[in-house]
**Q** 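Please find one structure pasted underneath; my questions will follow.
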Amino acid sequence: MNDSFKVGVVGSGYVGLVTGACLASLGNTVTCVDVDEERVEGLRNGVMPIYEPSLEEMVARRYGDGSLSFATGLPEVVREADIVFIAVNTPPDDNGSADLSNVADVARAIGASLAVVERESPLVVVNKSTVPVGSGDYVSMLIREGAEDADVGYRVVSNPEFLREGSAVYDSFYPDRIVLGADSRDALDVMRDLYKPVIEQSFPTEMDPRPKTAVPFVTTDLASAEMIKYAANAFLATKISFINEVATICDLVGADVNNVAAGIGLDGRIGPRFLNAGIGWGGSCFPKDVAALRSIAREYDYEPAILDAAVTVNERQRRQVITKLQRELRTLKGKRVALLGLAFKPNTDDLREAPSLEIAKKLDALGARVVGYDPVAGKAAAATEPSLKVVFDMYEALAGAHAAVVVTEWEEVRSLDLEKAASLMEEPRLLVDGRNLFDPASAERSGLSYRGFGRRGA
Ligand code: NAD
């Protein structure tokens, strides 16, 4: 049994860089590979390509002690490594299915590298990218093709990633579970050894004072592991859409969805998490993974009615922001609207499928002036959405605004001084609370006109 491994991680983004840095922290020797030369050069010089809490310090420490390095080429990594992770992006293509071209490029390159290097044991190739069912076999085929029929030894494992942006490092050390799919017992044993410190929670850390409990370790076949990832994200997205539908009905009947969510969440079968009503889900995973699962279902001539409805409700939630603004401000032309929070969720700089960008674009088309603030993603948002005027102080965004929309529940946004906001804003001082953060009555007492999603009296 091995205590430490040589690991290659191909793709140095949210998943790859975090995985690489965490595995290096657990005593392995890791090389993170990326095609983006600028990104690799930056990482060697301490420039982080993404924002993720505590990642920068961890990368600096591991790069400093030599357990983490960065490269653009694969053959050297394939020669040395026991395990190579594929952690490249799999964006949606035009019909919603996952675009596997990056995964395919890496698989072929691994095959080509295997063909030119000498190795003693089979390479364990681990797919961490989110990919449709059957991709494990596809990757295996492409590795063989890349090797041009040379006799190469490798095993393919599926190891879907469940980390959440904003707490990716924490989630890597304290996952709810580790899922591994493979047809080879040997490869599963190697992976169990690699993850042993996490499964047994035996690594030294001061990060988390909770008593440590062993992490469940699920082993299954390749196809089921791939399906677990899509099913998990589709379920979470559907749970949010469900409570959003309940919120809309609460608005109609005069109930408060926050109280309803608290009441149903105490039922152990339902659970309290992912029951926050508001402007709905976005980000780099839910929209893409739900789209991919719908597309897979349709490939097999099945209409995924629940997934379709989850998407329809989500689109309605975004539209409701505009409707609420129109109802109170009447015409949006010439009105100033502040967006509080721009990243798709707190503690990240990720703007992929962020509701803020879509809302900004729509408001701009309707003639409003949109001013946005985000503690981290401001610069990137300004570069992505030209209609958005980005400022770097939350109260500057509110100054002179007729309405403010709470888009992302950053801690700073949660602690918004409502009275100060009201004093800076113009009539009608409308606060559209897209995350249901504030108490409607205190917001009204502070001089704001409050509109939440499914909030009583709002
Ligand atoms: P990302 O866009 O942040 O990073 C991907 C990296 O891969 C980029 O640096 C890119 O340059 C690199 N890359 C692309 N093609 C390459 C190639 N041929 N060779 C080497 N490098 C290449 O992506 P991400 O958010 O880390 O997501 C990676 C995968 O993990 C996706 O399939 C995603 O669905 C999945 N996932 C993401 C998250 C998340 O929260 N971001 C969570 C779970 C799973």
Side-chain angles (χ1 to χ4, degrees), residues 13-15 17 36 38-39 42 47-53 55-56 89 91-92 164-168 276 278-288 314-315 317-322 324-325 332 335-416 421 424-425 430-435 437:
Y14 290 92
V15 169
L17 190 56
D36 183 342
E38 214 176 297
R39 179 169 286 221
V47 180
M48 295 298 289
I50 54 167
Y51 172 77
E52 194 59 54
L55 183 62
E56 186 165 2
N89 42 330
R164 298 162 300 172
E165 282 178 27
S167 52
N276 302 320
I279 56 183
W281 37 275
S284 62
C285 288
F286 286 2
K288 148 176 111 53
N314 202 48
E315 287 165 355
Q317 296 308 112
R318 305 252 179 117
R319 274 204 305 277
Q320 279 197 38
V321 174
I322 310 292
K324 285 175 196 290
L325 289 167
L332 294 177
K335 298 283 172 23
R336 185 175 156 115
V337 180
L339 301 186
L340 307 184
L342 302 170
F344 87 90
K345 67 187 241 182
N347 299 321
T348 182
D349 58 346
D350 200 342
L351 287 159
R352 289 178 279 186
E353 301 280 333
S356 62
L357 301 181
E358 191 186 324
I359 292 167
K361 207 183 284 219
K362 280 201 179 127
L363 289 174
D364 180 63
L366 291 165
R369 283 281 164 272
V370 193
V371 188
Y373 167 75
D374 190 281
V376 172
K379 266 199 192 131
T384 315
E385 183 48 56
S387 67
L388 193 58
K389 178 176 183 239
V390 171
V391 295
F392 296 92
D393 177 277
M394 184 162 62
Y395 295 98
E396 190 184 334
L398 289 162
H402 301 90
V405 182
V406 172
V407 183
T408 317
E409 63 276 36
W410 284 94
E411 207 42 58
E412 192 183 343
V413 176
R414 282 181 188 277
S415 48
L416 175 73
L424 290 167
M425 289 171 69
L430 174 65
L431 181 67
V432 176
D433 186 355
R435 300 293 173 187
L437 300 184

**Q** What heavy-atom pair brings L325 and A403 nearest, and what distance separates the two atoms?
**A**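 Minimum heavy-atom contact is CD2-CB, 3.5 Å.
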**Q** Measure the spacing between CG of N89 and OG of S284 and express it to the nearest 0.5 Å.
**A**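 Going from CG on N89 over to OG on S284, the span is 10.0 Å.
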**Q** Taking atom CZ of R336 as the centre, report whether more than 12 heavy atoms of other residues, nucleotides or ligands fall under 6.0 Å from it.
**A**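 Counting neighbours around CZ of R336, more than 12 heavy atoms of other residues, nucleotides or ligands fall under 6.0 Å, so yes.
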**Q** I need the L363 CG to K335 NZ distance, nearest 0.5 Å.
**A**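 Answer for the CG-NZ pair, L363 versus K335, is 12.0 Å.
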**Q** Decide yes or no on side-chain contact (heavy atoms from CB on, under 4.5 Å) for I279 and I359, but give the supporting numbers first.
**A** CA-CA 10 Å; I279 56 183; I359 292 167; 4.3 Å; yes
**Q** Evaluate side-chain contact (heavy atoms from CB on, under 4.5 Å) for H402 paired with L430, printing each intermediate quantity in order.
**A** CA-CA 6 Å; H402 301 90; L430 174 65; over 6 Å; no
**Q** Once you round to the nearest 0.5 Å, how far does CZ of R352 lie from SG of C285?
**A**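 Going from CZ on R352 over to SG on C285, the span is 7.0 Å.
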**Q** Under 4.0 Å between a side-chain nitrogen and a carboxylate oxygen: does that hold for E358 and K362?
**A**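 Yes, E358 and K362 are salt-bridged.
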**Q** Test of understanding: with side chain to side chain donor-acceptor pair (under 3.5 Å), list the residues that count as partners of S387, not counting sequence neighbours.
**A**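 Testing S387 for side chain to side chain donor-acceptor pair (under 3.5 Å), a comparison that skips the adjacent residues, returns E385.
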**Q** Do you know the tightest heavy-atom contact between G166 and P53?
**A**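 Nearest heavy atoms, G166 then P53: O-CG, 3.4 Å.
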**Q** Check whether any side-chain heavy atom of L339 lies under 4.5 Å from a side-chain heavy atom of V370, and answer yes or no.
**A**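 Side-chain contact under 4.5 Å: yes.
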**Q** Can you check whether G278's main-chain N or O pairs, donor with acceptor, with Q317's side chain at less than 3.5 Å?
**A**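 Between the backbone of G278 and the side chain of Q317 there is a qualifying donor-acceptor contact (under 3.5 Å).
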**Q** Could you tell me which residues satisfy side-chain contact (heavy atoms from CB on, under 4.5 Å) with T348, sequence neighbours excluded, listed by chain and number?
**A**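 T348: side-chain contact (heavy atoms from CB on, under 4.5 Å) contacts with Y14, E165, A343, F344, K345, D350.
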**Q** First locate atom CG of L17, then atom CE of M48, and finally report the distance between them rounded to the nearest 0.5 Å.
**A**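 With rounding to 0.5 Å, CG (L17) is 5.0 Å from CE (M48).
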**Q** Report yes if some heavy atom in the side chain of L55 is under 4.5 Å from a heavy atom in the side chain of I50; otherwise report no.
**A**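 In short, these two side chains touch, coming nearer than 4.5 Å.
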**Q** Atom CG in L340, atom CE in M394: separation rounded to 0.5 Å?
**A**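 Interatomic distance, L340 CG to M394 CE, rounded to 0.5 Å: 6.5 Å.
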**Q** Looking only at non-hydrogen atoms, find the nearest pair between K288 and P92 and report the distance.
**A**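 Answer, listing the atom of K288 first, then P92: CD-CD, 3.9 Å.
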**Q** One pair to check against side-chain contact (heavy atoms from CB on, under 4.5 Å): L398 and Y373. What are the steps and the verdict?
**A** CA-CA 9 Å; L398 289 162; Y373 167 75; over 6 Å; no
**Q** Can you give me the closest heavy-atom contact between R435 and G280, atom names plus distance?
**A**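 Looking at all heavy atoms of both residues, the closest pair is NH1-O, 3.3 Å.
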**Q** Can you name the closest pair of heavy atoms from A338 and A397 and give their distance?
**A**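 Residues A338 and A397, closest heavy atoms: CB-O, 3.4 Å.
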**Q** Please test L342 against V407 for side-chain contact (heavy atoms from CB on, under 4.5 Å), starting from the C-alpha separation and ending with a verdict.
**A** CA-CA 7 Å; L342 302 170; V407 183; 5.9 Å; no
**Q** What is the distance from atom CE of M425 to atom OH of Y395, rounded to the nearest 0.5 Å?
**A**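 Result: 12.0 Å between the selected atoms.
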**Q** Which atom pair, heavy atoms only, marks the closest approach of R318 to P355?
**A**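 So the minimum-distance heavy-atom pair works out to NE-CB, 3.6 Å.
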**Q** Using only atom types and a distance under 3.5 Å, with no angle test, would you say the side chain of R369 pairs donor to acceptor with the backbone of V337?
**A**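 No, R369 side chain to V337 backbone: no donor-acceptor pair under 3.5 Å.
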